[in-house]
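Below: one structure, written as structure tokens.
These values consider heavy atoms only, across backbone and side chains, with no hydrogens, waters or symmetry-generated copies. This chain uses plain numbering: 1 for the first residue, then up along the sequence.
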Amino acid sequence: MASLVFTPFILPCSKSEHFSSLSHIKVSLFPRLTQPSSKVFCAATGNGLFTQTKPEVRRIIPDPYSAGELPLPRVKIVYVVLEAQYQSSLSAAVRTLNAGRRHASFELVGYLVEELRDETTYCTFCDDLATANIFIGSLIFVEELALKVKTAVEKERDRMDAVLVFPSMPEVMRLNKLGSFSMSQLGQSKSPFFQLFKRKKQGAGFAESMLKLVRTLPKVLKYLPSDKAQDARLYILSLQFWLGGSPENLENFLKMISGSYIPALKTSKIEYSDPVLFLDSGIWHPMAPSMYDDAKEYLNWYCTRRDLNAQLKDPKAPVIGLVLQRSHIVTGDDGHYVAVIMELEARGAKVIPIFAGGLDFSGPTERYLINPVNNKPFVDAVVSLTGFALVGGPARQDHPRAIEALRKLDVPYLVALPLVFQTTEEWLNSTLGLHPIQVALQVALPELDGGMEPIVFSGRDARTGKSHALHKRVEQLCTRAIRWAELKRKSKEEKKIAITVFSFPPDKGNVGTAAYLNVFASIFSVLTELKKEGYNVGDLPDTAETLIENIIHDKEAKFSSPNLNVAYRMSVREYKSLTTYATALEESWGKPPGNLNSDGENLLVYGKQFGNVFIGVQPTFGYEGDPMRLLFSKSASPHHGFAAYYSFVEKIFGADAVLHFGTHGSLEFMPGKQVGMSDVCYPDSLIGNIPNIYYYAANNPSEATIAKRRSYANTISYLTPPAENAGLYKGLKQLSELISSYQSLKDTGRGQQIVSSIISTAKQCNLDKDVSLPEEGEELLPKERDLVVGKVYSKIMEIESRLLPCGLHIIGEPPSAIEAVATLVNIAALDRPEDNIFSLPGILAETVGRNIEDVYRGSDRGILADVELLRQITEASRGSITAFVERTTNKKGQVVDVAEKITSMFGFGLAEPWIQYLSKTKFLRADREKLRTLFQFLAECLNLVVADNELGSLKMALEGSYVEPGPGGDPIRNPKVLPTGKNIHALDPQAIPTAAAMQSAKVVVDRLLERQKVDNGGKYPETVALVLWGTDNIKTYGESLAQVLWMIGVRPVADTFGRVNRVEPVSLEELGRPRIDVVVNCSGVFRDLFINQMNLLDRAVKMVAEFDEPTEQNYIRKHALEQAAELGLPIREAATRVFSNASGSYSSNINLAVENSSWNDENQLQDMYLSRKSFAFDSDAPGAGMIEKRKMFEMALRTADATFQNLDSSEISLTDVSHYFDSDPTNLVQSLRRDGKKPNAYIADTTTANAQVRTLAETVRLDARTKLLNPKWYEGMMGSGYEGVREIEKRLTNTVGWSATSGQVDNWVYEEANSTFIKDEEMLKRMIETNPNSFRKMVQTFLEASGRGYWDTSEENLERLRELYSEVEDKIEGIER
């Protein structure tokens, strides 16, 4: 490996003064910003890992003896710790011991566990252990590193005099050895230590139990005579010394262990003092004379301080609670804590800094931050400076316990980050930002508690290991904490709120874009509620329609208006004075004001103010329409208009909070570090000091998490619209009726005639593309007729039962009970073995002696009897659930006290509504016990579906209260997503893939490979090019990640805590097929959330490439060997298969090009894909970030026989969003392949219990039939007015995107769409009246589809479209004809 690994990184030099307070950091760290297309490099240096620190800075060698001085016995101590706070205390203790020259001389060397990734350092560690007397380890919780420590220490354990391991993974704890005391049986015995580990869900129980032992056992063991008891006592005393952490305690600790266990010193009788005990928990202030264990005592001292400034004496001053780690206080490594306390006080906030010695901060939080007299909090906000989850630290967490404590506190909860695995310089130089392990432990896990704002506030000195404050970051953290606290104290009437809406793609018809949300109706609902609560909303319009008119200046984009409503004109001078980073934007956009959001002289802020509420339109990225910028491999900085908008909101309007309205805007996707941003990262600069509240769709936890981490958002979930079955219409309905006729008349002699009609109608409906149909009139045997009818029947049942969201959601309007039926039917269709709940279709199939999986398979093959049985099961499921839901509602269709109604339903046999319904069907003997369990679960789900907390949570956030966290995802798979109105979180990134996800993945992969064999002459694909999405993997707990692992033939291995950090191979015998090569394109969001899993994948692929197996059975090895020979590389490097965008960049930009019609030809789109998606992750140099490897990417794609993506929930399908075609490489692979052959393109659909693998063309057709061309769907959208027209236009544009990237859209789809929306004069008129701008875009898209050769239609149709375009253009301009 080269001695220096470079990684591209853009950092504006104009912002380097932000770091002027860090005198030890040189400005030369910041290269000059150039156009994103140019390459600017920052060294990732050395070994390519995240940290290049070496143990030598922690090595102490005793001074040589002077002449005549007798040499003392040498004691060598080696220690490994997670964090560096013990470094200075241990070093000081050893220096004091050596200075005394009594009894022994001490050699000390310390390792941070992260350093052991480096092989050279690991070898040094092993060498040190070979001559060590004592080993000490603490907080070793990263499995792959824990195993390295275990392996190295085990070899020397018996020889060493003492091995002491404090709370760590069980594998490392078992290494403990102190005389006769050992933990080698940990996990197998009934020892008290084993009891600490054995319960899976113990939360922080281990640490708390340890502390209890530490406090009580030494007193008990002191009086027991046996050596074993005394050794156990000394272990516990050691832990007391260690937790005490001061140089004095550690000095006595080393004296005690050396004198007791080093053979040469046992006779010396080295004296040592008992541990100096500190409070296990309490309140600490650097100016206070002592620690306090009573809040009243602390506050009495605080109020009598002579140094208090006038602001702090003000009873209205905000009070901030701080959560600290005791180890930093007792070891004296508290400079970063002191800086935060001093900064808060300087800004006029009082502080209550609490600490705990264990890993459970919930008790101290309740004990010291809540007034026991009135149960109200002493504080207005809490900031944890530990970086850890509130309960459990880096080990096992207890999130429910944490949430309960924080709910009682009911204030905003921020979790800031000290750098743990990197030095300050390493973090600054990293394009990734925080180390992935720290992201998992100290960002993802606190989010599950409801923690927000992962701001890095302290760094680590490479030499001393001490923490130091990053002053600009501390300022940012403290200011933001105070701003959140002020929401608690300010009156509602004086609070200013900036509601921000999005316009994407930039067009007047698109103002108020958000996934599945009726934005203006929702804003109207929110403002109406805020007005009732006492907020000043000025002259609020009477209707949502009038509100739209006010914002976009012309009612629903109807009347002539050159621009949206201009709320503010900002001069260039004012812009520069308010926007400190303005000059950094000039490299990309030239001098302000530029031509975006500008009139040539001023920068324009669009929107409208209503009292203390400003509704503004967020500017777009700005480069959507520029083909050259879209080709840049990295995204450009925000433009001047974008920066001006946020400067206006914060500094001119003076917002107390900003409310970003709906999924999603551009702020969180601006360039900068992925997680743990510095103040030169654009999202950090833009959001400034404004508390950010963000309504985000509940089904999109991945992008919500990006918003949470990169724009410091309190993300509040909203529901997607209630789902309905797609149903049948036009010819499809006629087909269904013909099939019913056939089933009743097939044996009467009319069978052949009806089959001919079925074949004819199926062809008219274009089903001959999906089902192999004989010629009309062809004589068929009865069995053949049944099979033809069965296949057509199966296809239309698939269309009919497809779930689709109808209309758009309005905040504060939950679905009615009847609207929830389709959702409940789909919830009931899944087995939930962990809760002992059986699926309803499974229960019903059992009743007639069938297994539901067999029925699904038979129906898929078109076996008529199975298709009919599945229809009956589906109908019975819907009917029984409808009967149940109707029983829970009042006359208005509202759910009223489900619990009470359910109680009256259960246990009365026939009185149960589902039993009453099923008694009239063939399923009357269904298992009642299983049904009762299922319907009890459905009752809980129904309560959650119709609950409404979206407005309530927003009000809580605006009032400075705690918004309870909850998972995002698919409510059908995980009903815990409901009710909405929660602070959305993702999951522990190290917890996937789960065993259940692996099981599901095997089914899908096996079906994919079987399907490809059928389509490919019986051959397996050698390579599959696929996409990994963030949201999909959160919703499915890693199914698509598991699919990749199963393709290459490995399985994940979980550690003691259920975290997946390694894999093991599956033998070729067990696999029963070759190992399939993969090219993995990770979305930018997946990269940000799951970089640990990218590391896992890359390690797995490289491991498989090195297996000594026949290349015809290992396609990874086959291709890697070929590529290694061609490129002259080692096989590991040639086996690079895990790609994504450059850090801080997202998407291939193909979606932007298609949406804005800013592309010339398909070659240009393919060049965008290669330019932006060719950044590889290398597990051998993870600290180097994403490295551009375009040649390798092209070579890997060249071998692909198939492309593959996953659909995992009914709400989002191929044409609903542009992401799917944006990541589709089908046409690109064809252009790269030497034989020019188009790869087969597949989509796995796991949206129902009956997982399917379809071709891309089949899926596009299914999507068109169930959505774009389906009256139920488009009428639902039209019911939402202005926004609904835009949704219809978006589906057509995304269909063109699929034509552009894959060529898999049939001509009839465009033809039918033209008939539905253009030829139908009434529909045409409605669309023009409702949103003429979006309709104009739709007409333009039809013409573009024809012009690019995707739609072959009559000249008459094209002429009509041209006329329409001209008419609509005139209407928009206000020209009368």
Side-chain angles (χ1 to χ4, degrees), residues 12 14-15 33 35-36 498-513 550-554 557 560-609 614-630 632 635-655 658 660 665-667 669-671 682-683 685-688 690 1152 1155-1158 1333 1372-1373:
S14 58
K15 299 183 83 182
L33 178 73
Q35 290 285 3
I499 294 176
T500 297
V501 300
F502 314 119
S503 173
F504 202 84
D507 180 276
K508 216 152 142 197
N510 289 331
V511 174
T513 316
N550 276 263
I551 307 299
I552 68 173
H553 206 29
D554 53 345
S560 170
S561 170
N563 272 321
L564 304 173
N565 190 60
V566 177
Y568 190 79
R569 287 180 164 80
M570 188 182 291
S571 71
V572 171
R573 177 178 289 182
E574 184 178 34
Y575 164 68
K576 284 185 169 180
S577 71
L578 295 176
T579 315
T580 54
Y581 53 94
T583 49
L585 312 184
E586 292 180 13
E587 296 279 3
S588 288
W589 300 101
K591 297 276 185 191
N595 57 4
L596 296 163
N597 291 65
S598 156
D599 60 8
E601 291 181 20
N602 303 295
L603 289 144
L604 306 179
V605 177
Y606 296 121
K608 180 85 173 175
Q609 191 165 335
F614 168 67
I615 302 175
V617 182
Q618 185 191 70
T620 58
F621 284 111
Y623 50 76
E624 302 86 0
D626 183 342
M628 288 311 295
R629 284 186 190 272
L630 290 174
F632 291 163
S635 301
S637 70
H639 58 81
H640 296 295
F642 202 103
Y645 176 83
Y646 282 95
S647 291
F648 166 80
V649 166
E650 181 179 3
K651 294 169 182 171
I652 294 172
F653 173 66
V658 61
H660 286 96
S666 310
L667 167 67
F669 295 102
M670 287 296 176
Y682 289 113
S685 301
L686 289 159
I687 197 63
I690 325 169
L1152 299 182
E1155 286 163 350
N1156 293 278
S1157 303
S1158 50
N1333 284 277
I1372 290 167
E1373 296 297 327

Shortest non-hydrogen separation from Pro619 to Gly641 and the atoms involved:
CG-O, 3.7 Å
Could you measure the distance from the CD atom of Glu601 to the CZ atom of Arg569? Nearest 0.5 Å is fine.
10.0 Å
Ala567: partners by side chain to side chain contact (heavy atoms under 4.5 Å, CB included), with sequence neighbours left out
Phe614
Heavy-atom side-chain contact between Pro592 and Glu586 under 4.5 Å:
yes
Closest approach of Phe642 and Thr620, non-hydrogen atoms and distance?
CD1-O, 3.6 Å
Student check: side-chain heavy atoms of Glu587 and Ser637 closer than 4.5 Å
no
Inter- and intrachain pairs under salt bridge (Lys or Arg N to Asp or Glu O under 4.0 Å), touching residues 641-655, at least two apart
none
Can you name the side-chain hydrogen bond (donor to acceptor under 3.5 Å, both in side chains) partners of His639, sequence neighbours left out?
none
Taking the side chain as every heavy atom from C-beta outward, state whether Val658 and Phe653 have any pair of such atoms under 4.5 Å apart.
no
Quick check for you: to the nearest 0.5 Å, what is the distance between Thr583 atom OG1 and Lys591 atom NZ?
8.5 Å
Sole candidate of Tyr575, Tyr645, Trp589 that passes side chain to side chain donor-acceptor pair (under 3.5 Å) when paired with His640
Tyr575
With distance as the sole test, does Ser598 use its side chain to make a donor-acceptor pair with the main-chain N or O of Gly600 at under 3.5 Å?
yes
Identify the heavy atoms of Gly607 and Asn565 that sit nearest to each other, and give their distance.
O-ND2, 2.7 Å
